[in-house]
Amino acid sequence: MLRLEEILSGLNPPQREAVTHVEGPLLIVAGPGSGKTRVVTRRLAHLVLSGVAPRNILAITFTNKAADELRRRVMELGVPRGAWVHTFHALGARLLGEFGPLVGVQPGFSIYDEADQLKLVKDALEQCSLSEASWPPNVALARISAAKNRLLDAAGFAAQANDAPNRTYARVFKEYEKLLQRANALDFDDLLLRPAQLLRDHPDVAAALNDRFRHVMVDEYQDTNHVQYVLARQLSQQHGNLCVTGDPDQSIYGWRGADIRNILDFEADFRAARVIRLEQNYRSSAAILEAADALIHHNRARKRKTLWTENPRGEPVNIWRFDTGFSEADRIAAAIVREAAQGRRWSDFAIMYRVNALSRTLEDALRNRGVPYRIARGVAFYGRKEVKDAVAYLRLLVNPADDAALLRVINTPTRGIGKTTIERLARLAPVLRLSLLDACRRASEFEELRPLAAKLAPFVRVMDDLARETSVPLATLVDRVIDQSGLAEALRKERDQDAQDEDRAANVAELVSAAARFAEEHPGAGLVEFLQRTSLIGDQDTIDPEAGAVQLLTLHAAKGLEFPWVFLVGVERGLLPHERALSDGKDGVEEERRLCFVGMTRAMQHLVISHARQRLFRGATQVQSPSQFLREIDAAAVVTSDYDGAGESAAERDSSDHRIQRSEADRRIQHSEKARGHGSGWRVETDPEHAETPSRLVARRSRPADQGGPSSAKRASEPNPTTPYADWKPGTLLEHPRFGVGALIRLEPVGNETRAVVKFAGTGEKSLIIERTSLTRLAAPRKPRAPRRDR
DNA sequence: GCGGGCCGCGTTTTT
DNA sequence: CGCGGCCCGC
């Protein structure tokens, strides 16, 4: 059971003060590494200890990952279940599930993602007879989104549109809303806007929810936009028990509508608000903190905050200068290999950059040196085309009015239903006041559609057959949908024919596992809940700091994470601060500075900030100059090294320099070898438990083995190449064309097939159906790992 | 209806 | 340089 001493143990005075604050508005300004999550979880526990029922507590986060983490940690503290812990969007969806009809939202509504939205806007433009050339759909969409963030619906936007372009956008907005409503669909912004309207227009609901949620907590408050601010306010207006946590210095989503003033003005907005500052940093060395603090002091839009730490000073922050992005990448890869040889785990390192485009060079360098890595970007699982297709079938099943879903799948896999057919359908369905699916179904009843009926019939039959089976267990249903829609077969055929490096059939099969897992974790939940969840999952949720690999990520993706070693690359004018932000004036630059601050403060022990004098960008070499931010970092905390520049000192010309030169030659060798099918790769020692420790991860090089890598480590013994998987043991080395080499963790029977759970050092853990994927036992010599995009 | 090829474009992206 | 969208030809 909960005990006060336990809840307060190990807390510093301000942390303790924050945890024990119960009544009234509270702002916790939490600097980086100040134990914020700890305070939030303990505070929630303390509320319960003081007599608040868990079900009367609402905690709002920004990512699913943060919500899951908070839920888990609160439970570990011994707090009984019952508190609502959600992202803003999931909360909105849940409230609309309950009160939706009051604001015109019907049960079973679909949530449209950006692709769906874009399609809808294009349709709306067409309806308004506007050309996409003069009225770029993404601009229109941005206006609509911005309007919704300001709590304006189509009518509200029209009312305040006082110039010609905005009046046009207002027409598009109105049409867009009409299409959404016809599909019984909501976009992401609606998940916030509608609940805000609900609470505004229905005081009884507002009162009931204030009564239900006696205590409201909002995390990452610096990143709230206007609707979120309004929603937080509405939900706590009557009791005033709103506790927000955040750090204005880490507000990095202004470009997306986040309003830093929400946190800066909290005290003015919520009278008698208590403000508690968490300023002691437990994460970073004193040198790192000092450097970051010096940088952020150049911002004007801040809240007073004095960061300090009791941590040792540590090494100075390193600034590394390079001639090219290539030598930058290779030097970093080499440094990681050298550190790894000393016993650092691969997952101790992160490489951060402002734009995704910078990741390629780094990937190449890491691959060349046999370093396993993971990228936070990339098409996340639910973003993959084939998965979205499968999900669209499910959406259509739940919401037959979901026209966007229908358009996605009506000819996927191909059924000979093409542009003309679809156009005719789309033109007539609204006239007949039918959803597209109903129009398909009843095509033979209408003269204009009758010629199409024969072609449409098989598709309609698929949907009708599936609709009759929705009572089977979730995973079974998902499996049937994939199977009976013909998706499974089409993807299998595709795989067998053109042996591409991505196993899309395995990806949709994985959706079945995801459904099974969901059903297990959420007993009683059905397809509707599963879909709601999948619609709200983002890339962020795929970052796994524990994976046995170096993590590559954008600065935006880095927030909330920490790593013993951080490399911040490409810190050059035009890149960080980014040129597009420079044109936004001072506010733009301040946000870029905060971004840099976020990156720096992810580092625990070692921080390397690098820049190159020239960089290959968009096929052309660009001359780059160092970022102004480098000058703003306290010189006393920094050591600068010029790696291949002309003006370097003799002291700088150490062995690492030679390493670079040699590695340049190596790269060329590797390049030609790759072309001949002997590319580099890595292999995993046979103990998956320790797959991430460098001593077990053996870089396999085609060049001589004295390259400074962990080459002294034991080599994996060559596995027997031709044994059926029945005798595959944990630790067996397997190869997958997409994920590379991994170690088997376990086998599980799935019907009459077998699932292999495999830990890939690059990608992390995956479960794959052996029969349906080309998972092979590693044979020597290994084939080149399918290159992601080598030339 | 579908695939090949060409053209244009290219921050960041919690949901 | 690489991707995605779009157009055109089969």
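Quick note on labels: first sequence line is chain A, next is B, and so on, each numbered from 1.
- Atom NE2 of His578(A) is separated from atom C1' of dT12(B) by 8 Å (rounded to the nearest Å).
- Among the atoms of the strands shown, base atoms are found under 4.0 Å from some heavy atom of Glu592(A).
- Out of dG10(B), dT15(B), dT13(B), the shortest distance to the side chain of Thr63(A) is found at dT15(B).
- Per the geometry, NZ belonging to Lys122(A) stands 14 Å off P belonging to dG4(C), to the nearest Å.
- Candidate nucleotides dC2(B), dT15(B), dT12(B) were compared by shortest atom distance to the side chain of His556(A), and dT12(B) ranks first.
- Rounding to whole angstrom units, OH of residue Tyr253(A) and C1' of dT14(B) are separated by 5 Å.
- Salt bridge status for Arg594(A) with Glu591(A): present, with a side-chain N to carboxylate O gap under 4.0 Å.
- Here dT13(B) is the nucleotide among dG2(C), dC6(C), dT13(B) with the atom lying nearest to any side-chain atom of Thr554(A).
- Within the 4.0 Å cut-off from OP1 or OP2 of dC2(B), at least one side-chain nitrogen or oxygen of Asn411(A) is found.
- Rounded to whole Å, atom P of dC1(C) lies 14 Å from atom CG of Asp364(A).
- Rounded to a whole angstrom, the distance from the P atom of dT13(B) to that of dG4(C) is 16 Å.
- Listed nucleotides dT11(B), dT13(B), dG1(B) differ in distance to Lys455(A); the shortest reach to its side chain belongs to dG1(B).
- Checked by atom type and distance alone, the side chain of His89(A) never pairs as donor or acceptor with a backbone atom of Leu536(A) at under 3.5 Å.
- Nearest to the side-chain atoms of Lys419(A) among the listed nucleotides dT15(B), dG1(B), dT12(B) stands dG1(B).
- Rounded to the nearest Å, the gap between the C1' atom of dC3(C) and that of dT14(B) is 25 Å.
- For Arg573(A) and Glu579(A), the salt-bridge test fails: no basic side-chain N is under 4.0 Å from an acidic carboxylate O.
- Of the candidate nucleotides dT12(B), dT15(B), dT14(B), dT14(B) has the atom nearest to the side chain of Lys559(A).
- As a whole-Å value, the separation of Lys148(A) NZ from dT15(B) C1' is 14 Å.
- One can place CZ of Arg593(A) at 18 Å from C1' of dT12(B), the figure rounded to the nearest angstrom.
- The side chain of Arg256(A) sits closest to dT15(B) out of dC6(C), dT11(B), dT15(B).
- Classification of Asp187(A) and Lys148(A) as a salt-bridged pair holds, one side-chain N sitting under 4.0 Å from a carboxylate O.
- For His89(A), counting side-chain heavy atoms from C-beta on, the closest listed nucleotide (dC6(C), dG1(B), dT15(B)) is dT15(B).
- For Trp255(A) and His556(A), the ring centers are positioned less than 6.0 Å apart.
- Both Glu114(A) and Arg580(A) sit near DNA chain B, but only Arg580(A) has its closest nucleotide nearer the 5' end.
- Using a 4.0 Å heavy-atom criterion, one finds that Thr61(A) contacts no nucleic acid atom at all.
- Put simply, Asn64(A) has a side-chain N or O that comes within less than 4.0 Å of OP1 or OP2 on dT15(B).
- Nearest heavy-atom pair across Ala612(A) and Gly325(A) is CB-N, 3.7 Å.
- Base orientation for dT11(B): syn, the chi torsion being within 90° of 0.
- Taking atom CD on Gln622(A) and atom C1' on dT11(B), their separation rounds to 15 Å, with Å as the unit.
- Using a 4.0 Å cut-off between a side-chain N of Lys or Arg and a carboxylate O of Asp or Glu, Arg593(A) and Asp249(A) do not qualify as a salt bridge.
- To the nearest angstrom, P of dG4(C) lies 14 Å from CG of Leu118(A).
- Backbone-only engagement by Gly418(A) is indicated by non-hydrogen atom pairs under 4.0 Å involving sugar-phosphate atoms exclusively.
- Across all strands, Ser535(A) comes closer than 4.0 Å to no nucleic acid atom at all (heavy-atom distances).
- Across the interface with DNA chain B, nearest-nucleotide mapping of Leu191(A) and Arg618(A) shows Arg618(A) to be the residue nearer the 5′ end.
- Contact annotation: Thr420(A) side-chain N/O to dG1(B) OP1/OP2 distance is under 4.0 Å.
- No contact: Asp189(A) has no heavy atom under 4.0 Å from any strand.
- Taking the side chain of Asn356(A) as heavy atoms from C-beta on, and the options dG1(B), dT12(B), dT15(B), the nearest nucleotide is dT12(B).
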